[in-house]
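Below is one structure, written out as structure tokens; the observations come after it.
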Number of protein chains: 2
Amino acid sequence: MNTIELFKALSNEKRLQILHWLKEPEKHFPKQQAHLPKEVHYKGGVCVGDIQEKVQASQSTVSQYLAMMQRAGLLESIRHNQWTYYRRNEETLQKLAAYLDKEL
Amino acid sequence: MNTIELFKALSNEKRLQILHWLKEPEKHFPKQQAHLPKEVHYKGGVCVGDIQEKVQASQSTVSQYLAMMQRAGLLESIRHNQWTYYRRNEETLQKLAAYLDKEL
DNA sequence: ATTGTATATCGAGGTTTCTCGATAAAGCAA
DNA sequence: TTGCTTTATCGAGAAACCTCGATATACAAT
């Protein structure tokens with residue numbers, strides 16, 4: 001867990017918002033995954049396009065934000081066909097919360 | 001509590017270190033406050049010079065770091081004579097930890 | 001094969017951050 | 001007053017971040 005990298009990733013309004021939305025994906029992305037058949041359904045994951053539409057930034061910006069958050073460990077992803085689904089990595093978030101609470 | 005501002009302030013190795021040191025000031029700044037008489041002693045506060053000596057950065061850098069952390073709410077300060085004593089603002093840290101644990 | 005869609009990467013311009021030395025301000029000591 | 005110490009602020013150059021459009025890649029559909 002690279003704390004600095006994590007705090008940097010969290011230091012941006014839009015990235016923070018994305019992370020927040022992904023806490024309740026079915027709530028914030030109601031029409032999500034119209035593409036995927038249920039059996040392949042990536043639990044809690046939302047594709048880049050749906051996120052982009054909501055966050056109001058260019059496609060490349062959103063793609064880079066998501067990649068950055070994944071590098072920091074905040075998100076994880078899988079690719080299915082042409083879509084990449086991102087969801088939160090709760091383990092990292094838990095660890096960070098514990099670090100803030102106990103060590104910092 | 002401005003979350004973005006807080007995360008930015010935490011996104012720097014040296015600032016994070018200072019915050020950490022100030023958790024146990026008597027441990028990390030043993031010869032602290034030789035200047036002050038006990039009755040004026042600012043509990044847990046450490047002066048800029050002592051912090052600068054330990055963090056290894058220029059005087060102006062350290063002064064700016066401390067001011068920035070104070071603006072974000074991570075630190076608080078009082079001035080006594082020519083010294084400014086900085087200590088942690090535990091309330092903000094508590095709130096941030098709670099935010100990370102519950103809301104984020 | 002060609003076209004279309006979703007995502008990633010590249011290159012670049014503008015903005016912010018990092019960090020410093022120089023200078024200012026504030027207060028103590030002679 | 002003059003000088004000394006401590007901290008804050010200013011100005012600036014280098015590095016990092018933000019954000020975009022253009023292009024590349026990967027795969028599906030026709």
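A, B, ... follow the sequence lines: proteins, then strands. Residue 1 opens every chain.
Between the CD atom of A/E13 and the C1' atom of C/dT15 there is a distance of 17 Å, rounded to whole Å. Rounded to whole angstrom, the span from the CD atom of B/Q52 across to the P atom of D/dT7 amounts to 9 Å. Residue B/Q70 contributes atom CD, which lies 13 Å from atom C1' of D/dT7 at whole-angstrom precision. Regarding A/I4, its CD1 atom lies at a distance of 13 Å from the C1' atom of C/dC18, rounded to whole Å. Atom-to-atom, NE2 of B/H80 to P of C/dA26 comes out at 17 Å; the value is rounded to the nearest Å. If you measure from atom CD1 of A/I51 to atom P of C/dA6, you get 14 Å, rounded to the nearest angstrom. We find that CD1 of B/I78 is positioned 14 Å from P of C/dG27, with the value rounded to whole Å. Atom CG in A/L16 sits about 16 Å away from atom C1' in D/dC18, given to the nearest Å.
Among the heavy atoms of the strands, none lies under 4.0 Å from A/A67.
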Problem - Step-by-step side chain to side chain contact (heavy atoms under 4.5 Å, CB included) determination, A/L66 to A/V62 - result: CA-CA 6 Å; A/L66 295 171; A/V62 175; 3.9 Å; yes

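Position along DNA chain D of the nearest nucleotide to A/R79 versus A/K8 favours A/K8 as the more 5'-ward residue. In this structure, A/M68 and B/S63 both approach DNA chain D, and ranking their closest nucleotides by distance from the 5' end singles out B/S63.
B/E91 CD: 12 or fewer foreign heavy atoms inside a 6.0 Å radius.
The base of C/dG21 sits within donor-acceptor range of the side chain of B/S60, with an N or O pair under 3.5 Å. Counting distance only, with no hydrogens placed and no angle test, the side-chain atoms of B/Q64 and the base atoms of D/dA8 include no donor-acceptor pair under 3.5 Å. A donor-acceptor contact under 3.5 Å is formed by the side chain of A/Q82 with the base of C/dT5.
Side-chain contact annotation: B/S77 with B/T84, donor-acceptor N/O pair under 3.5 Å absent. No hydrogens or angles considered: a donor-acceptor pair under 3.5 Å links the side chains of A/S58 and A/T61.
Between C/dA8 and A/Y86, a contact under 4.0 Å exists linking OP1 or OP2 to a side-chain N or O. For D/dT7, neither phosphate oxygen OP1 nor OP2 lies less than 4.0 angstrom from any side-chain nitrogen or oxygen of B/T84. Between B/N12 and the phosphate of C/dC18, there is a side-chain N or O to OP1/OP2 separation shorter than 4.0 Å.
Counting only heavy atoms from C-beta on, B/V48 has its side chain closest to D/dA8 among D/dT6, D/dA8, D/dA22. Nearest nucleotide to the side chain of B/Q59, out of D/dT6, D/dA8, D/dG21: D/dA8. In the set D/dG21, C/dG21, D/dT7, C/dG21 carries the atom at the smallest distance from any side-chain atom of B/S58. Among C/dC28, C/dC20, D/dT7, the nucleotide with an atom closest to any side-chain atom of B/N81 is C/dC28.
Checking side-chain atoms of A/N81 against main-chain N and O of A/W83 turns up no donor-acceptor pair under 3.5 Å.
Listed here is the closest heavy atom pair of A/R15 and A/M69: O-SD, 3.8 Å.
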